[in-house]
S.K.: 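I'd like to ask some things about the structure below.
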Amino acid sequence: GAGVSQSPSNKVTEKGKDVELRCDPISGHTALYWYRQRLGQGLEFLIYFQGNSAPDKSGLPSDRFSAERTGESVSTLTIQRTQQEDSAVYLCASSTTGGETQYFGPGTRLLVL
Amino acid sequence: GDSVTQMEGPVTLSEEAFLTINCTYTATGYPSLFWYVQYPGEGLQLLLKATKADDKGSNKGFEATYRKETTSFHLEKGSVQVSDSAVYFCALSDRGGSEKLVFGKGTKLTVNP
């Protein structure tokens, strides 16, 4: 079946603009994660959604970052007033309820000029 | 908090050489441990995992054993191939709730013919 998809694959924006990144998880996966991968670094956890439970937002680096998820489907990650340090690859992953194997999408490469 | 430390790269080997990539972790409780791989131009893929002490994960000729006494999960392969050239990430799963993954910084492996 289809894997995790993300759009856009690449995004170039100017400092101060808002951006919205989209993730479509694997059908039937109730858990959804966002991570950030800066150049030369490992992945940093941003936010976690599980069904209708309150999301775990403990990894969001500032209040400029927010995310939403519609039921158990699409999620959007919004970065307001982008800064150059926001430049990174943003990865989305999904997994089954209580499962530990997370399946990753191809990522969105964000460049803030 | 939880953390993962893996050996710095890059690592360059000749085909058929033995590979070891060291990984140690710090965690409260008993995490699951993972190795993910990112091939050039591709997304992050699960390579292998182990969920409890002394478990051995294996896949594609790679192996790693969950060593609780040394808090380690070293990745090994007896004979590497050019096609193994990739970035390898060690990770642990936070079982405290979100099961988010905590990643090491990654080790880039290049295998020359």
Side-chain angles (χ1 to χ4, degrees), chain A residues 2-7 9-10 23-26 29-61 67 69 75 88-109, chain B residues 1-10 21-27 29-52 55 57 59 66 73 75 86-108:
Chain A
V4 177
S5 61
Q6 294 185 244
S7 61
S9 54
N10 290 282
C23 171
D24 280 274
I26 293 171
H29 281 192
T30 60
L32 187 148
Y33 303 79
W34 283 98
Y35 294 88
R36 176 171 71 175
Q37 184 179 20
R38 293 178 174 177
L39 188 64
Q41 301 294 313
L43 281 74
E44 305 168 74
F45 166 76
L46 296 177
I47 189 168
Y48 161 71
F49 295 92
Q50 171 62 280
N52 294 320
S53 302
D56 176 356
K57 302 180 181 180
S58 61
L60 294 179
R69 187 179 185 193
S75 176
V89 177
Y90 290 82
L91 290 161
C92 176
S94 70
S95 68
T96 57
T97 302
E100 296 185 334
T101 298
Q102 294 180 25
Y103 296 87
F104 283 80
T108 293
R109 187 175 300 274
Chain B
D2 296 351
S3 66
V4 173
T5 303
Q6 61 181 103
M7 67 186 274
E8 299 275 334
I21 301 178
N22 291 336
C23 172
T24 57
Y25 67 90
T26 302
Y30 303 97
S32 293
L33 302 173
F34 305 82
W35 278 99
Y36 278 83
V37 59
Q38 192 169 34
Y39 296 104
E42 298 186 17
L44 205 61
Q45 304 173 23
L46 176 67
L47 180 60
L48 54 83
K49 70 176 184 180
T51 58
K52 62 182 187 296
D55 268 5
N59 186 26
Y66 190 142
F73 193 56
L75 182 69
V87 181
Y88 293 82
F89 293 92
C90 185
L92 65 81
S93 172
D94 162 20
R95 287 184 168 176
S98 69
E99 298 185 16
K100 65 179 182 284
L101 291 169
V102 177
F103 286 86
K105 292 186 176 181
T107 302
K108 183 176 181 181

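Computed from heavy atoms alone, side chains included, the values below leave out hydrogens, waters and symmetry copies.
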S.K.: Counting only non-hydrogen atoms closer than 4.5 Å, does L46(B) touch chain A with its backbone (N, CA, C, O), its side chain (CB onward), both, or neither?
M.R.: side chain

S.K.: Taking the inter-plane angle between the rings of F45(A) and Y35(A) on a 0 to 90° scale, is it parallel (under 30°), tilted (30 to 60°) or perpendicular (over 60°)?
M.R.: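 F45(A) vs Y35(A) ring planes: perpendicular.
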
S.K.: Any side-chain donor paired with an acceptor under 3.5 Å for S32(B) and K49(B)?
M.R.: no

S.K.: Using heavy-atom distances under 4.5 Å, tell me whether Q38(B) contacts chain A through its side chain, its backbone, both, or neither.
M.R.: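 Answer is side chain: those atoms of Q38(B) sit under 4.5 Å from chain A.
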
S.K.: Checking P25(A) now: which residues fulfil side-chain contact (heavy atoms from CB on, under 4.5 Å) with it, not counting sequence neighbours?
M.R.: L32(A), R69(A), S94(A)

S.K.: What are the two closest heavy atoms between A27(B) and D2(B), and how far apart are they?
M.R.: CA-OD1, 3.3 Å

S.K.: Measuring heavy-atom distances to chain B, does E44(A) have an atom under 4.5 Å in its side chain, in its backbone, in both, or in neither?
M.R.: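 Neither part.
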
